[in-house]
Amino acid sequence: MLPQKARQLLLEFLDEKDYRSSIEDRITYSYDASRESCMPDAVVFPKKVAHVSRILEICNTYRIPIVPRGAGTGLTGGAVPLSNGIVMALKRFDRIIEIDKENFCAVVEPGVITADLQTAVENIGLFYPPDPASMDASTIGGNIAENAGGMRAVKYGVTKDYVMGLEVVLPNGETIHTGSKCVKDVVGYDISRLFVGSEGTLGVITKAILKLVPKPEAKQTLMAFFPDIAIAAKAVPDILLKGIAPTTIEFFDRYCIDATREMMGFPIPTETRAMLLMDVDGRASEIPATIKRLHDVCISHGALAVEIAVDAAAQDQLWRSRRSLHGALNTIRPCWEEEDIAVPIARIPDMIRAFNAIGEDHNVLIVSFGHAGDGNIHVSLAAKHGNTPSKNVTAARHAVLKEAVALEGRIAAEHGIGMVKRNKIGWNIDHGTLSFMKNLKDLLDPHHILNPGKVL
Ligand SMILES: Cc1cc2nc3c(=O)[nH]c(=O)nc-3n(C[C@H](O)[C@H](O)[C@H](O)COP(=O)(O)OP(=O)(O)OC[C@H]3O[C@@H](n4cnc5c(N)ncnc54)[C@H](O)[C@@H]3O)c2cc1C
């Protein structure tokens, strides 16, 4: 329950559409895509920065926990109100304020859906590359707060590479502005980066200046089929070493191929045990030569065949299959537990060998797919028999993360730490650095009202 005085103050400027506390609304905003949940006492839908500021001021005064929320597609419980209190849904901040074509940037509010921004800029010949698989639902605010990645990261980088400036409301209600539209800008500390990936724990993002690039003239999609996943993984560093810059290099293991085989609509050689799905983009005249080089590297690494998508519809079909992988795996097992790890690209074959060993040791089915071009592997784990979560799966997850760390990798690549990995953050970050992070949190949010229980 919120303190009565705080509720009264909120209702001075929020009407009943903007302040909700019905059981239906509280349940709706109690969970995210991590499947973790906790009930908020109320949900607020501010429309103006002044509202965000006043709400935070009230929460700070009455020590009410408050959790910013975009679309709730986060996979680590970032938008779950772990300590109850208020969920601040930013869906009404949904304006693309400006697309500045001459200066290659856009000014947007945080509730804009990622794919909507992409469509809007592509319509005028520009391109916003970050493309999390959830982009049809996820918001720009959630992407910035999670430093979301995606498939095009191998060529274009991740969300942090596109944030030029931010407007942020701090936990005490103060509003600050970071960065600018200038490509070169060293005026003061680079505070934008502090908020990118801060998972809603340091401030509420209310506006962003995002970098855009020219839209590539053409794109082509190809698939390389391999008899073994370790062989496929070995081809990846070689592709990059040869200076070929595909937009994406995604890999599917044999379970993922089986789960999406029909959806892909391509005949796949029967001996295939792994697949690389790759896009190249750029000038139309240069694409055939790039495709030829990719083809040759894959064949030299033992690919059974390399196929090219015949037209845009076939390309879309393939990428739709990739984006549906999370759901498609449910045709194999109804309940999976997932990990999101990163290893240096050259260690991907070692990590894949480790999955096999860990699966055997713990009698667990381990399925992997992901962004091979940047070392980010998504790992799904389920009991070999039965459909309920088991201690074996938990132990295998633990072993997967430990192995990633042993291979100089990271326990979180693009889905954040949230609530589900906060106890393991010390596996990657040393004591002194963690203390520095805690001091920063204390400085900005001394009463820990903003998204408590997340990250640290
Ligand atoms: C099927 C599926 C596929 C996915 N694929 C990818 C992928 O390829 N790459 C990837 O990186 N992620 C992926 N994700 C994870 C998720 O979509 C991303 O983390 C996304 O950035 C979350 O955006 P959201 O708007 O849903 O944020 P939410 O889930 O609502 O919130 C995420 C975090 O951001 C904070 N937050 C939200 N808005 C603000 C704001 N305005 N100010 C401050 N903090 C804020 C929240 O407090 C929370 O901590 C996937 C998820 C699903 C379900």
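Counting starts at 1 for both ligands and their atoms, following the listed order.
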[X] to ligand 1: N or O pair under 3.5 Å?
| X | value |
| --- | --- |
| Val67 | no |
| Ala133 | yes |
| Ser138 | no |
| Ala71 | yes |
| Asp32 | no |
| Ala145 | no |
| Gly142 | yes |
| Ala148 | no |
| Pro68 | yes |

His415 and His378 aromatic ring geometry - parallel, tilted or perpendicular at 30°/60° bounds: parallel

Side chain to side chain contact (heavy atoms under 4.5 Å, CB included) between Lys211 and Asp161, worked out: CA-CA 8 Å; Lys211 179 173 111 175; Asp161 301 307; 5.6 Å; no

Heavy atom of the protein closest to [atom] (residue, atom name, distance):
| atom | answer |
| --- | --- |
| atom 15 (C) of ligand 1 | Thr73 O, 3.7 Å |
| atom 10 (C) of ligand 1 | Glu414 CD, 3.5 Å |
| atom 14 (N) of ligand 1 | Ser134 OG, 3.7 Å |
| atom 42 (N) of ligand 1 | Ile205 N, 2.9 Å |

Taking 4.0 angstrom as the limit and counting only heavy atoms of [X], give me the atoms of ligand 1 inside it, by number and element.
| X | answer |
| --- | --- |
| Val204 | 42 (N), 43 (C) |
| Gly70 | 25 (O), 28 (P), 30 (O), 37 (C), 38 (N) |
| Gly78 | 47 (O), 48 (C), 49 (O) |

Residue selection (non-hydrogen contact nearest atom 49 (O) of ligand 1) among Arg69, Glu199, Lys91, Met88: Glu199

The one among Val455, Val158, Leu166, Asn143 that brings a heavy atom closest to atom 21 (O) of ligand 1: Asn143

Can you tell me which portion of [X] lies within the under-4.0 Å heavy-atom range of ligand 1? Options are side chain, backbone, both, or neither.
| X | answer |
| --- | --- |
| Pro110 | side chain |
| Lys454 | neither |
| Asn451 | side chain |

Ligand 1 contacted by Gly203 (non-hydrogen, < 4.0 Å): yes

Lys181, NZ: over 12 other non-hydrogen atoms inside 6.0 angstrom: yes

Lys215 charged N/C atom sitting above Phe127 aromatic ring, 6.0 Å / 45°: no

Lys NZ or Arg CZ of Arg273 over Phe226 ring: under 6.0 Å, within 45°: no

